[in-house]
Every structure is written in C-alpha cells, then in structure tokens.
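Side chains are part of it too, since the values below use all heavy atoms of this structure and drop only hydrogens, waters and symmetry mates. Counting starts at 1 for both ligands and their atoms, following the listed order. This is a predicted model, so every value here is computed, not measured.
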Amino acid sequence: MSSLPARRRELSVFLRNRQSGTYNLQYKMSRIRLLPETVASQVAAGEVVERPASVVKELIENSIDAGARKIDVIIRRGGISQVRVIDDGCGMDRDDALLSLERHATSKIRSAADLQAVATLGFRGEALPSIASVSRFRLTTREADAVAGTEIIVNGGKLETVRDGGEAPGTQVEVRSLFYNLPARRKFLRSENTESRNIEHQLHLQAIGHPQIGFSLLRDDRMLFQLPAAATLSDRIRDLYGVELLQRLVEITDTASPGIRLGGFIGQAGVSRQTRTQQLVFVNGRAIESSLITVGIREGYHTALMKGQYPITFLFLELDPAGVDVNVHPAKREVRFRDPNGVREAIVRCIQQTLEGGRARWQEKFRAPGGSPVVSGKAVPDLTLRPDIAAPEESHRELPHLTPRATDRVVAGANIAGVVDPGRGAKPEQAPSPASLKHDSHQQQFQIIGVLSKLYVLMENADGLVLVDQHAAHERVLFEELRRRMEEQGVPTQKLLLPQTFDVPPRDADWIERNLSVLQRMGIGIESFGPDTFKIDSVPSFLNVSDPVQFMRKVIDDLKSTGNSTSAMRLGEEMIATTVCRHAVKANDPLRYPEVEKLIRDLLDCDLPYCCPHGRPTMIQISLAELEKKFGRKI
Ligand code: ADP
Ligand code: MG
C-alpha cells in the first residue's frame, strides 16, 4: 500500500479516523454518531443490492459504461455462491481501481448539474463499494496499453490485498458468498432456481437493450446462451428468443411525437403472455419499470389484448436526457418523466398505429394461393362446401347485422365491392373508390375450404392453412361496426317506458358527472337529478336491458375499473366489447356458405382483424412450412 498516491492516502486516513471514532471526539457526549464506513456501505447495499440479480445488473451496467464489446457472466448456485462478470472494456489504472471502491466515487458525473442529463447507466458511485461490503469481492482490471493490471481483494468491505494482476485488457469482478456477513439478508433470498431465473431475466434485459454487445451466460458450468454481437435489434431478438417469436412481432412505426422517439418491436394483436416477463421497456437504453408506460401500452393494445394477459414488447423510448429523471430509485429501475402525459399519449398512439399497420401484412397473406385462378364465392368448387354450411334456409341463423345494406352484401356475396360499409363514412379518405375496390378484390382473395366442427372456418391462403373462429370473428366485425357508429353519430338509443332514478355513492356520482357526455354518446340517456341522484331515460338500443338501474351500476363498475387515464372513446369501446359477445354468432351456429364468406370478408376489412375485442385470436395460420415439417418432407 506504500505506493498509494497522496490523494488516496488522505482518504484512507480520513476513513480510519472515522472508523476509530476519533472523528467524533468533539461530540463525546452526543448520542448521535456517524456510522463507520463499512456499516454505512452495508446500509446502502441494502438498497442497491437486493439479490444476486442486482449484483449482475450493476456489474453489467459498469461494463457497458466502460465500452465493452463483449460481456461474459458466470454464476454458481443462483449467484449466491458466485457471480463473475468479465468485460473487454476500458479497464482502470490502479488509482481508479482503488477509488472505484469508495462510496460516491464515480467517473460518470462531476456536478449536480450533470445529474440533470445522465447519459450513462451508472452515476451514483455506489454499486462497487456496496457489493464489496456484503461479499467476498475480487476485482482485476487492466487498461489496454498498461504493462500490468491490478488485482484488489475486499472481504465484507475490508480491503485485504492490492497487487499486480489482471490478464486481458478489461475488467473482471468476482463476487462470492453474497451476504455472508448479513445473515438476515441471506435469509430473504429465494431458491437457487428462482435467483438464477432472475439473473437470466436481467441478462435478457441487458442483451435486448444492447444488441451491439456480445453476451454469454454460464450457469453452474452449463452455457445457457452465447449471443454474438448483433447488427440489429431483430437479430438479437431472433438469437435470444427464436425466429418464431420474431415472426409474431411487428416493428414499431414511430408516430413522431414531439420530443420523443419510439422504436423496437411489439407482439401483433392477439399475441400475449401470461406474465409480464416479456414486456421489456427501455428509456434511453436503460431497462426500466414504469406503471405509466404499462398503462400506455395496455391502452394502446386495448381490445387487442386478452384480459389478464400481458403484451410482448421490446419498446425503446428515446428522449432528451433532461426530460427524464433517473435519480429516483437506488437501483435505477424507475424514472420520472417531465411530461408524463405526453409520454403516455405518444405510447398509446404509437402502439395503436403499429398494430393497425400490422394488418397490411396479414391482408397480403390472404391473397389466393400462388397461381390459382381468381376465386370468388361462385367459383369455389362445390366439392369444398360441406353440406352443413349450405344448410337449408330455415335451419340457419341469420347473421345479426346492423346496417340495412348488410343483407345486400350477403347477396352480393362474391363481389368484394359489397364490402363497402356505409358506416365507413367517418373516414372518407379510407373509403375505397370503385377503382381501388377492384384492386382490393385481387388483394383479398381467399379460398374457403369448409367449416370444422360448426365453429372453425378452414381457409387456404398463400402461406397455407388458416383457421378462423367464426364466433370470435363475428365479435370483431360487430365490435368495429358499433364503434364506427359511436364515433360518427353516437349509439342509437331506445327510450325507457318509465325513466328511473337511482342513487350512487358520492365518489361514483363525481365519476358520472365527469363522464356524462361520454355516457350519452354511448347511448345512455342519463342526467343529474339532485346530489348523488341520477335519472336514466334511455339505453343503447342494441342492448337488451331489462333492469336499467342494475345495468347502469354494472357499467359504472366496469368502466371505473378501466382506469382514469383511459380516454373517453375507449370507455365506449369497453362497453361495446362487453356486450357484442352476447350478440355474436355462437359457436355451433351453422352458417350458410355466403354468410361464412361475408363474415370472412367483413373480418378482413376490420382495423384489427386478427383478434376479437377481448384480445383472443380470430384466426390461426398453419404455414405450409409447418405442414411440411410435420409430414417429414423437410427437416
Ligand atoms: P457508478 O457506476 O455509479 O459510477 P460504481 O460503484 O458502479 O459507480 O463504479 C464506480 C466507478 O468505477 C465507475 O464510475 C467507473 O469509473 C469504474 N468502473 C466500475 N466498473 C468498471 C468496469 N467494468 N470497467 C471500467 N471501469 C469501471
Ligand atoms: Mg455502476
């Protein structure tokens, strides 16, 4: 230690005084004491180092900040017995290596002003000393052009050894026996398996956040993955999760919101997970957890997501570092946005547009199988029609339709022009002109093979076999038709014979007051009738409401639970979604061929054709490649 420069020596003397208590001399009688440095570090460690995965996170972040191109992680027994992170980054000289173990020593910020715009992953100068105070810690490091490197060993915060060492340029940190000196903490650790999985998740986050860096993870001598540096995010997703997942994602189309850029990939409508583990969100390259963003994502998906399911996202937000405060949480997991509403709205818009954009890709797939003649309803060979879909008039159930011309469409059957929806007037720029319809009719050819089990429509498209759930499909069609009406002229209402009044608790009353106009647009004739009392005199005519008061209470409960941040139109959508289900064609309802065909055409004309308003898929594609694999034609 004699070679330590003066700066270092001063620091050590200061610390020694502090630890021996001489620092407190002038306050002899005081009950308040400064904690010895090791204890202070252990206290801080409680916040930064929660579990082995936090060690891995902090060490990887340091490696990334050090400009590493490759990061190898080795863990044993869930990281409790050992975590080792090896990087090929810039390394440190001996002075810096020693200093890096002091609390609040960092090379990443210099002043409070720098805190306003942190561009690195680290900045608190807490991780290394915290980790070193609760483990057996070894750091070896070497700068690229240095003759020798440095090895430092610290046990439970006590500096044991400083000597020459360090092999390849870069830094290696080994953390053994985590929390060996804090038995209370150790008890809180979960099983080795769970801790390993947490570490794995952490590596996934970092690997997705930094595709240009190579990563590997060795768990108890077993290589879990080795990811080469990737050119693009999609390459990294493919390497980590496989090509099947990648195919179910859509690339985000940025909606150019002011001051924020969005990118990455999200699951197509109807693609979801039972847990949140694949909902990855990055703000300026940092993986974060944010309820604000979660709400935005959910609202963006809305009917494209099954209740209780979680979306898959690899969502990247880039904004001016000054617009985000990362100094909120010791583990830097949370951030605060200067303009939270702007961020949320940008996410909602971007997710909506991305999902609707993904529709073009689907429609493309519905072109007739390669080379076959244009197939229309009439041209479908009779052989492909099973008797039950050509059932006699009286045995079939007429598709409930909402527009008077819908029946014409059934008659028009083969003619795609029949799909022009009068309700589409709201978006005149999207209403296809007769010329473009002709074009569309080429684009949207498909061939119905038959109906399986009175529920699944079998179709052929360019990619292979498509199965459509006729009930889910009809739900989606009805849903979008009702929504269009609501947007245009409001929902048609039906007057009640006797208007009814009802009381609600004050908080509900407040909610109703605030949302009166929304409720009215949804076809509910409701007005204030004294404090906490309301009068209802009409209900949406497409509903079969027997007890209007009961209905109102249910609507309020349902809608309140969708959250305050939900926009007005979304509330209406929610109500429609919960009601269309009852009106849609039930499974087992036999449909005649033209009806099936109309249903499919209407479905393909929807904004989000591939899932019902509850987020369940409407169609499943089984590709020719999959069939070939199953039949052993291809390995
Ligand atoms: P912070 O990352 O917040 O600055 P740390 O305690 O994690 O605080 O690290 C302290 C300092 O040690 C960093 O600022 C950096 O200069 C240096 N350091 C840590 N890890 C590495 C590494 N793997 N390669 C190079 N330098 C490192
Ligand atoms: Mg750090």
Side-chain angles (χ1 to χ4, degrees), residues 7-8 11 37-38 40-50 53-74 83-112 114-115 117-135 137-146 149-152 154 157 159 162 165-175 202 205-206 209-210 213-215 284-287 321 326-333 335:
R7 179 158 54 111
R8 169 76 198 153
L11 197 66
E37 181 58 25
T38 34
S41 282
Q42 285 176 2
V43 172
E47 292 180 312
V48 185
V49 191
E50 213 179 333
S54 359
V55 173
V56 172
K57 169 181 186 286
E58 294 295 339
L59 296 181
I60 293 182
E61 286 188 351
N62 280 347
S63 299
I64 294 172
D65 283 344
R69 315 303 313 158
K70 186 166 169 291
I71 301 172
D72 298 311
V73 180
I74 298 169
V83 167
R84 188 135 60 103
V85 174
I86 305 152
D87 72 48
D88 60 355
C90 64
M92 288 176 272
D93 65 16
R94 184 161 299 188
D95 274 5
D96 276 349
L98 280 161
L99 207 51
S100 75
L101 295 168
E102 300 291 352
R103 273 208 308 148
H104 311 305
T106 179
S107 56
K108 299 170 194 175
I109 56 168
R110 280 168 194 277
S111 65
D114 291 345
L115 259 185
V118 176
T120 46
L121 294 170
F123 60 89
R124 300 174 61 98
E126 268 184 341
L128 291 189
S130 298
I131 297 168
S133 72
V134 294
S135 67
F137 180 96
R138 184 169 148 261
L139 171 105
T140 54
T141 184
R142 182 157 88 85
E143 291 178 302
D145 50 1
T150 305
E151 175 176 4
I152 300 175
V154 180
L159 186 65
V162 182
E167 303 108 53
T171 303
Q172 178 172 152
V173 177
E174 185 183 54
V175 177
Q202 190 51 238
L205 286 175
Q206 304 287 1
H210 305 275
I213 300 176
F215 283 91
N284 293 346
R286 182 191 306 276
V326 283
N327 191 17
V328 179
H329 191 277
K332 300 161 289 181
R333 266 199 308 261
V335 295

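- Those atoms of ligand 1 with a heavy atom of T106 less than 4.0 angstrom away are 1 (P), 4 (O), 14 (O).
- The ligand atoms of ligand 1 that sit less than 4.0 angstrom from a heavy atom of P129 are 6 (O).
- Here the closest heavy-atom approach between residue F123 and residue T106 is recorded as O-CG2, 3.8 Å.
- Nearest protein heavy-atom contact of atom 25 (C) of ligand 1 is A66 CB, 3.5 Å.
- For the residue pair S100 and P129, the shortest heavy atom distance occurs at O-CD, 3.6 Å.
- The Mg ion (ligand 2) does not have T106 among its coordinating residues (no N/O/S atom, backbone or side chain, under 2.8 Å).
- Residue contacts with ligand 1 leave out G89, since none of its heavy atoms falls under 4.0 Å from the ligand.
- Between V118 and K108 the shortest side-chain heavy-atom distance does not fall below 4.5 Å.
- For atom 3 (O) of ligand 1, the closest heavy atom belonging to the protein is G125 N, 2.7 Å.
- In terms of protein heavy-atom proximity, atom 2 (O) of ligand 1 is nearest to K108 NZ, 2.7 Å.
- Using modelled atom types, no side-chain atom of D87 and backbone atom of A68 make a donor-acceptor pair closer than 3.5 Å.
- Backbone and side-chain nitrogen or oxygen atoms of D87 are examined, and one is located within less than 3.5 angstrom of a nitrogen or oxygen of ligand 1.
- Counting only heavy atoms of the protein, atom 20 (N) of ligand 1 lies nearest to N62 CB, 3.2 Å.
- For atom 10 (C) of ligand 1, the nearest non-hydrogen atom from the set S107, G170, A105 belongs to A105.
- Close N/O approach between L128 and ligand 1 is found [any backbone or side-chain N/O within under 3.5 Å].
- A side chain to side chain contact (heavy atoms under 4.5 Å, CB included) with L59 is found for one member of V173, T171, I64, V73 and no other, namely V173.
- Exactly one residue among V55, V48, V154 makes a side chain to side chain contact (heavy atoms under 4.5 Å, CB included) with I131. That residue is V55.
- Among protein heavy atoms, the minimum distance from atom 12 (O) of ligand 1 is reached at S100 CB, 3.2 Å.
- Set against the non-hydrogen atoms of E126, the atoms of ligand 1 under 4.0 Å away are 6 (O), 8 (O).
- Heavy-atom proximity to G122, at under 4.0 Å, picks out these atoms of ligand 1: 2 (O), 3 (O).
- Taking each of E61, Q172, R103, M92 in turn, the one with a heavy atom nearest to atom 26 (N) of ligand 1 proves to be M92.
- Heavy atoms of R124 come nearer than 4.0 angstrom to ligand 1 in at least one pair.
- Below 4.0 Å from some heavy atom of F123 lie the following atoms of ligand 1, by number and element: 1 (P), 3 (O).
- Using a 4.5 Å heavy-atom cutoff, the side chains of K70 and D72 are in contact.
- Taking each heavy atom of T141 and A97 in turn, the nearest pair found is CG2-CB, 3.9 Å.
- Counting protein heavy atoms only, atom 22 (C) of ligand 1 is closest to T171 OG1, 3.7 Å.
- A donor-acceptor distance shorter than 3.5 angstrom exists from the side chain of R142 to the backbone of A146, with no hydrogens or angles considered.
- Residues Q206 and I71 form no side-chain contact, since every pair of their non-hydrogen atoms from C-beta on lies 4.5 Å or further apart.
- In terms of modelled atom types and a separation under 3.5 Å, the side chain of T120 and the main chain of D65 share no donor-acceptor contact.
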